[in-house]
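Nothing here was measured: the structure is a model prediction, and the numbers come from that model. The sequence lines fix the lettering, A, B, ..., with proteins before strands; numbering per chain opens at 1.
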Protein chains: 2
Amino acid sequence: MSVTIKDVAQRAGVSISTVSRVINNSKPVSNEIRQRVLQIIEETGYTPNPVARSLVMKKSQLIGVIVPDISNFFIGEILNGIEEIGKMYTYDILLCNTYGDLEQELRYLKLLKGKQVEGIVLMTWDLQDKLIDYLTDCEVPVVLINRNTSRLDVPSVSIDNFQASYDMTTYLIQNGHKEIALIRNSLDSNTFCMDQYNGYKKALEENGIEINENLVQFGNFKLDKAYEIVKEWIHSDKLPTAIFATSDTMAIGAINCLLDHGFQVPNDVSVTGFHDTKMASFYRPTLTTIRQPLYDMGAVAIRMIIKIINKMEVNEKVVILPHELVERKSSGPAYL
Amino acid sequence: MSVTIKDVAQRAGVSISTVSRVINNSKPVSNEIRQRVLQIIEETGYTPNPVARSLVMKKSQLIGVIVPDISNFFIGEILNGIEEIGKMYTYDILLCNTYGDLEQELRYLKLLKGKQVEGIVLMTWDLQDKLIDYLTDCEVPVVLINRNTSRLDVPSVSIDNFQASYDMTTYLIQNGHKEIALIRNSLDSNTFCMDQYNGYKKALEENGIEINENLVQFGNFKLDKAYEIVKEWIHSDKLPTAIFATSDTMAIGAINCLLDHGFQVPNDVSVTGFHDTKMASFYRPTLTTIRQPLYDMGAVAIRMIIKIINKMEVNEKVVILPHELVERKSSGPAYL
DNA sequence: TTGAAAGCGCTAACAT
DNA sequence: ATGTTAGCGCTTTCAA
């Protein structure tokens with residue numbers, strides 16, 4: 001049996017409320033008594049039971065984090081930010097992995113509420129309508145990372161995906177590319193994927209390049225899928241001079257396929273990614289990509305949730321963090 | 001205010017004990033009443049408050065997981081296993097990131113105990129004595145992943161690092177290599193790093209190859225460190241024909257350095273890794289490495305903790321999972 | 001089969 | 001400044 005507030009009170013010859021006061025510094029306690037209590041606490045190694053505390057205060061000091069894949073490079077770095085800043089404010093992280101499955105997401109959302117978490121940070125590949133419906137009347141505050149939707153007044157943190165995509169496409173155009181493929185993700189209009197597509201489109205339009213829908217494919221964040229897409233282009237002899245994949249993993253899939261088929265990157269084809277995960281600099285050729293402040297995204301999200309929990313003022317509910325085009329070795333001038 | 005057991009009891013016209021009985025199936029309840037209660041629960045959307053339950057049952061259904069780096073490829077995959085199997089047994093994961101810092105590890109160990117977790121899964125780069133001391137009289141059950149020590153009777157799950165290292169070294173020898181470098185990690189004799197070194201040594205000895213201590217360096221799991229080590233060999237003209245790095249990340253660091261200096265892999269130098277993270281097959285050349293069943297290691301560890309928590313019999317406290325040498329494109333015959 | 005009541009460890013009125 | 005007491009929402013004896 002571990003030692004309780006009662007034991008401490010008894011041994012110190014005071015009431016439990018006094019002990020409570022000294023551990024919480026909630027009300028004045030005479031110095032003499034405070035010292036005695038502190039001493040006993042020290043001696044016994046007493047630590048307050050947070051479960052009991054949660055029960056009465058209705059505060060669990062727990063924040064739920066729902067992610068689609070812990071082992072994803074991109075997500076891992078965000079989690080670092082969430083975890084570190086959370087701990088800094090004495091919140092703990094309850095981690096849930098959904099594999100991107102909507103049913104799981106819904107299940108965990110309920111489960112976390114049941115667990116009395118005070119807030120939830122939600123990441124999902126695909127912000128589906130059913131999820132939005134649920135979020136709409138969810139009493140627990142939720143912050144989305146890298147998703148937002150006009151359908152919903154939920155706080156979120158992300159980068160300007162439209163602009164980033166526009167920047168990357170423009171960069172490729174400036175390098176002389178005219179056939180620029182896009183390997184994008186979900187069709188889901190609630191997410192940034194659409195923004196990315198629109199940024200791509202705008203850059204092409206501004207430069208008088210017509211969109212070739214055959215060069216716009218859905219990769220679903222998967223390396224293998226991107227590989228297959230490129231293979232298909234190669235086999236049908238429709239290989240573009242540049243491929244812009246909206247994740248580093250897909251970009252690597254694309255490059256691997258090109259390499260395996262005897263093409264050179266960037267000499268034959270330029271390939272660019274998105275995210276700037278560690279992979280982007282580990283891999284050879286190093287990847288030209290869009291740097292997202294991953295750690296910061298996690299940090300900002302959790303900070304926002306904590307502010308909301310504590311009813312502090314939140315200046316902007318939709319936070320846009322800066323991005324940056326990082327030019328490395330996987331892209332270059334178009335072969336003319 | 002959310003609905004409590006009291007509300008349900010009232011609306012069903014029964015006592016709270018009866019409600020408790022139906023939700024827990026703990027004692028017989030007449031069918032009629034059971035139905036009525038179930039109905040009310042359905043109507044009200046009542047879910048039991050796990051915090052209150054924890055308080056009386058002294059079971060939090062929480063398992064603490066302490067890791068040195070969430071965003072590490074290796075760890076992410078293990079976490080997937082921990083999370084999924086944990087959830088399967090209705091346990092939740094409280095995640096703590098230490099950046100490998102001993103003080104943090106100690107801090108979190110205490111914090112988790114305070115949070116009433118029922119068990120802890122601990123991963124650390126370096127199993128230091130101070131940590132072992134602490135674990136020795138820690139009332140909460142702990143399972144180590146990929147570490148164990150004779151100093152301590154703590155359950156653990158890992159692979160046979162000695163054998164794996166022996167296998168890899170032998171493989172390289174069989175490919176005609178005689179100058180085989182080892183990029184290893186900590187000196188810490190409590191961890192597998194020593195086993196790896198010993199496996200390497202034994203393979204060399206068995207084949208009558210003398211150890212060249214200059215070719216045994218400490219990389220500390222870091223890509224950059226491995227890069228520097230190889231650079232040093234190149235500059236001092238002591239490049240071996242094979243490099244065995246005890247992590248994929250370090251192997252990639254080594255290859256990157258070789259590539260950057262105009263060497264070919266595996267034509268000039270063979271490089272092999274350890275872990276078989278996703279990186280190993282993403283990267284080009286694909287890495288010859290030791291496959292560890294990462295997901296399974298997490299799964300087994302959490303299963304073990306749950307068994308211990310529930311006082312079930314645990315057959316073996318030190319679980320050794322099978323490994324496998326995966327031959328890919330980063331290694332080949334020695335240049336003769 | 002059901003209900004009343006005690007108590008898990010704590011906080012926060014309220015009373016002194 | 002300190003103590004008494006009533007809960008927080010639940011499980012679990014004990015009695016009926």
Between side-chain atoms of residues 100-107 of chain B and protein atoms elsewhere (two or more places apart, or another chain), which donor-acceptor pairs fall under 3.5 Å?
residue, atom, partner, partner atom, Å
B:Asp101, OD2, B:Gln104, N, 3.3
B:Gln104, OE1, B:Arg107, NH1, 2.9
B:Glu105, OE2, B:Thr124, OG1, 2.9

Interatomic distance, [X] [atom1] vs [N] [atom2] [rounded to whole Å]:
X        : N      : atom1 : atom2 : answer
B:Leu55  : C:dT11 : CG    : P     : 12 Å
A:Met57  : C:dA12 : CE    : C1'   : 10 Å
B:Arg53  : C:dG7  : CZ    : C1'   : 17 Å
A:Lys6   : D:dT4  : NZ    : C1'   : 14 Å
B:Gln116 : C:dG9  : CD    : P     : 9 Å
A:Lys115 : D:dG9  : NZ    : P     : 17 Å
B:Asp7   : D:dC8  : CG    : P     : 10 Å
B:Ile5   : D:dG7  : CD1   : P     : 18 Å

Review point. With side chains defined as the heavy atoms from C-beta onward, is the minimum distance between A:Asn72 and A:Phe221 less than 4.5 Å?
Key: no
Review point. Is there a side-chain contact between A:Ile85 and A:Tyr295, using heavy atoms and a 4.5 Å cut-off?
Key: yes
Check your understanding: What side chain to side chain donor-acceptor pair (under 3.5 Å) pairs are there with at least one residue in residues 297-310 of chain A, not counting sequence neighbours?
Key -> A:Tyr89-A:Arg303
Review point. With sugar-phosphate meaning primed atoms plus P, OP1 and OP2, does A:Pro48 contact a base, only sugar-phosphate, or nothing at under 4.0 Å between heavy atoms?
Key: sugar-phosphate
Check your understanding: Within the structure shown, what part of the strands sits under 4.0 Å from A:Val14 by heavy-atom distance: base, sugar-phosphate, or nothing?
Key -> sugar-phosphate
Study note, to complete from the structure: Axis-to-axis angle across the helix from C:dT1-D:dA16 to C:dT16-D:dA1, five pairs each end, nearest 10 degrees, ~ 40°
Revision key, fill the gap. Between B:Ile33 and B:Val56, whichever has its closest DNA chain C nucleotide further toward 5' is B:Ile33
Check your understanding: Looking at residues at least two apart in the chain, or sitting in another chain, which of them share a ring pair (Phe, Tyr, Trp, His ring centres under 6.0 Å) with B:Tyr91?
Key -> none
Check your understanding: B:Lys58 side chain N/O closer than 4.0 Å to the phosphate oxygens (OP1, OP2) of D:dT11?
Key -> no
Exercise for review: With sequence neighbours left out, write down each residue that passes side-chain contact (heavy atoms from CB on, under 4.5 Å) with A:Pro155, or none if nothing qualifies.
Suggested key: A:Val143, A:Met304, A:Ile308, A:Lys317
Distance-only criterion, 3.5 Å: show the donor-acceptor pairs between side-chain atoms of residues 25-33 of chain A and protein atoms not counting sequence neighbours.
residue, atom, partner, partner atom, Å
A:Asn25, OD1, A:Arg34, NH2, 3.1
A:Ser30, OG, A:Ile33, N, 3.4
A:Asn31, OD1, A:Gln35, NE2, 3.3

Exercise for review: Scan for salt bridge (Lys or Arg N to Asp or Glu O under 4.0 Å) pairs involving residues 81-91 of chain A, sequence neighbours excluded, and state none if there are none.
Suggested key: A:Glu83-A:Lys87, A:Lys87-A:Asp92
Check your understanding: Taking only residues two or more places apart in sequence or in another chain, which ones pass salt bridge (charged side-chain N to carboxylate O under 4.0 Å, His left out) with A:Glu139?
Key -> A:Lys113
**Study point:** Contact residues, residues 15-31 of chain A to DNA chain D [heavy atom, < 4.0 Å]
**Key:** A:Ser15, A:Ser17, A:Thr18, A:Arg21, A:Pro28, A:Val29, A:Ser30
